[in-house]
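First up is the structure itself, then whatever we jot down about it.
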Protein chains: 2
Amino acid sequence: MADEHALIQCLPAHLREEAMASAQRVRLNPGDMVFRAGDGCRGLPMVLSGSVRVQMLGASGHGIVLYRMGADDLCTLSIGCLMAGRGYRAEAHVEEPTEALLLPSVVFDQLMAQSGEFRQRVMASYGRRLDDLMLLVEEVAFGRMDQRLTGWLRAHAVGRPAAVTHQALAVELGTAREVISRLLKEMERQGQVRLARGKVEYLER
Amino acid sequence: MADEHALIQCLPAHLREEAMASAQRVRLNPGDMVFRAGDGCRGLPMVLSGSVRVQMLGASGHGIVLYRMGADDLCTLSIGCLMAGRGYRAEAHVEEPTEALLLPSVVFDQLMAQSGEFRQRVMASYGRRLDDLMLLVEEVAFGRMDQRLTGWLRAHAVGRPAAVTHQALAVELGTAREVISRLLKEMERQGQVRLARGKVEYLER
DNA sequence: GAGGCTCAGTGATAAAGTCACATTGGTTAT
DNA sequence: ATAACCAATGTGACTTTATCACTGAGCCTC
């Protein structure tokens with residue numbers, strides 16, 4: 001049971017103590033929202049364990065999942081909000097019971113100044129996120145929906161059925177619920193998938 | 001004629017001198033490519049003046065413009081590549097005569113450690129880029145092509161015709177050339193636009 | 001066992017993407 | 001100047017996605 005974030009563990013003892021002393025420990029439950037679009041940012045969240053989904057809401061009411069934060073991730077989005085002093089553009093939903101630290105921005109800056117390893121990890125984390133988003137842009141712009149859906153199912157619904165509604169899948173891939181319903185129905189006809197209310201199982205061949 | 005990047009100017013004198021001493025000055029011309037997909041990263045580029053377009057190539061051969069770098073921007077993408085030690089995923093095309101500095105990554109890290117203002121600006125720049133990409137995802141996922149096209153024209157082709165081909169517009173918006181051709185033709189029929197080979201002018205009403 | 005939920009299915013139509021060519025305008029070589 | 005060439009644009013036919021407006025199905029509660 002890691003009690004500290006990898007980013008904290010990598011710090012020399014005196015900085016680590018200071019970080020832990022000023023950080024606020026947060027416990028979140030599935031369904032909670034960490035922040036909503038427009039919210040101000042009150043510190044830098046670092047996820048210790050669990051999973052948080054970050055998504056955007058389009059004008060049409062549709063949404064799309066941008067990325068997820070898991071153990072040892074930090075919320076790169078928040079850094080931008082802290083620096084620019086504007087609100088979040090996305091919203092974050094807790095998916096699994098999650099523990100997190102909320103680090104005051106002053107302390108964050110101090111750690112950035114004083115620990116090379118901390119800097120390194122933060123920048124790397126930022127790079128990864130940028131990369132994720134670039135891949136997402138490419139997928140959304142050029143990917144075919146049936147292949148994106150199959151990709152998701154292969155990653156999440158092999159072996160045992162995944163507990164997910166068509167609506168949730170639509171948000172996951174940034175499309176409309178009807179599109180998912182039709183694609184799944186077709187895949188079912190072809191025996192690639194087994195469907196039940198709120199469940200989808202992908203059948204490997 | 002600013003001789004230094006805003007990020008350099010904000011540094012205290014001794015750091016500034018060190019930065020300028022170790023940075024390599026680069027002059028680029030329209031058509032040059034700063035980096036291609038897969039290239040390794042040899043330092044952190046900072047744009048002094050000019051304009052560089054960063055875009056991705058999809059599997060289908062289509063591309064999409066992710067963002068542009070202009071005066072006083074730094075290439076956030078490169079930071080990720082430097083930190084993670086992997087190649088670029090996108091490619092960068094010079095659009096206008098451009099001057100840039102190439103800062104060794106060791107020096108970059110040193111500046112991050114020693115100047116709060118530098119840190120602040122770098123992180124803010126990162127935040128902006130992240131934000132740009134999130135907006136792009138939303139637009140690509142939910143925006144209507146005719147409205148996105150109109151938006152581009154309003155920003156670039158009012159008053160005098162913009163020198164741009166349908167193909168270039170397609171890459172700009174991440175779609176196929178035929179789609180742009182048809183939309184423009186329709187707008188021409190409705191008198192919203194004047195067309196010529198390699199030129200588009202938007203007619204405000 | 002009757003409502004009242006949320007979840008899923010579907011027809012009709014519009015928007016966007018794909019493929020395969022036809023045309024056109026401008027440049028270059030003879 | 002004329003032919004030849006090439007990049008840019010136009011278009012038809014067809015597929016895939018998105019949108020709108022419903023209908024039907026499963027499940028829970030009273």
Original post:
Taking only residues two or more places apart in sequence, or in another chain, which ones meet A/L153 in a side chain to side chain contact (heavy atoms under 4.5 Å, CB included)?
Top reply: A/L149, A/A157, A/L184, A/M187, A/V193, A/V200, A/Y202
**OP:** Return the minimal non-hydrogen interatomic distance between A/A23 and A/L101, and the atom names on each side.
**Re:** CB-CD2, 4.3 Å
Original post:
Are B/Q192 and B/E204 close enough that a side-chain donor and a side-chain acceptor fall under 3.5 Å?
Top reply: no
Subject >> Residue pair A/S181 / A/R177, side-chain donor-acceptor N/O under 3.5 Å >> reply: yes
Original post:
Does A/E186 have any side-chain hydrogen bond (donor to acceptor under 3.5 Å, both in side chains) partners at least two apart in sequence or in another chain, and if so, which?
Top reply: A/R189, A/Q190
Original post:
What residues form a salt bridge (Lys or Arg N to Asp or Glu O under 4.0 Å) with A/E139, not counting sequence neighbours?
Top reply: A/R148
Subject >> Flag for B/H93-B/E95: side-chain donor and acceptor within less than 3.5 Å >> reply: no
**OP:** Return yes if some donor-acceptor pair links the side-chain N/O of A/H5 with the main-chain N/O of A/D72 below 3.5 Å, else return no.
**Re:** yes
Original post:
Salt bridge check: are B/R182 and B/E178 linked by an N-O gap of less than 4.0 Å?
Top reply: no
**OP:** Please list, by residue number, the residues of residues 175-203 of chain B whose heavy atoms come closer than 4.0 Å to an atom of DNA chain C; answer none if no residue qualifies.
**Re:** B/T175, B/E178, B/V179, B/R182, B/R197
Subject >> Range on DNA chain D touched by chain B, heavy atoms, distance below 4.0 Å >> reply: D/dA7 to D/dA13
Subject >> Residue-level proximity of residues 136-173 of chain A to DNA chain C when a heavy atom falls under 4.0 Å >> reply: A/T165, A/H166
Original post:
Would A/R36 count as a cation-pi partner of A/Y88, with NZ or CZ less than 6.0 Å from the six-membered ring centre and within 45° of the ring normal?
Top reply: no
